[in-house]
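All values reported here derive from a predicted model rather than from experimental measurement.
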Amino acid sequence: MHMYDHHPHGATDLQSNGRGEAPGGLSDPVCGMAVTAESVNRLEHDGKPYYFCSVRCQTRFVADPLAYIGKQGIAKGS
């Protein structure tokens with residue numbers, strides 16, 4: 001499964017609700033993995049916080065944020 005490809009802690013460090021989302025409903029915009037607001041891999045883009053499962057996903061987002069924001073159906077400037 002992909003979460004072991006780049007997430008050093010595996011799947012056991014988050015309590016998932018079984019739908020790929022953490023209890024707060026957050027997911028990594030790059031890979032879709034469940035994340036929490038306590039993630040150390042986070043940043044703000046256009047005034048909105050984004051949380052990531054790993055540095056790798058955060059780096060991909062920083063390189064082209066609109067590619068990943070578009071996947072979520074969020075219009076630019078929202």
What distance do D28 atom CG and S54 atom OG have between them, rounded to the nearest 0.5 Å? 6.5 Å
Might you point out which heavy atoms bring P29 and Y51 nearest each other, and give the distance in Å? CD-O, 3.3 Å
CE (M33) and CG (L26) are apart, to the nearest 0.5 Å, by 13.5 Å
Please set out all donor-acceptor pairs under 3.5 angstrom arising from side-chain atoms of residues 57-66, sequence neighbours excluded.
unit_1 : atom_1 : unit_2 : atom_2 : d
Q58    : NE2    : R42    : O      : 3.4
T59    : OG1    : V55    : O      : 2.9

With side chains defined as the heavy atoms from C-beta onward, is the minimum distance between F52 and V30 less than 4.5 Å? yes
Are any of the side-chain heavy atoms of C53 and S39 separated by less than 4.5 Å? no
Would you compute the distance between atom CD1 of I69 and atom NE2 of H45 and round it to the nearest 0.5 angstrom? 3.5 Å
In Å, rounded to the nearest 0.5 Å, how long is the span from OH of Y50 to OG of S27? 11.0 Å
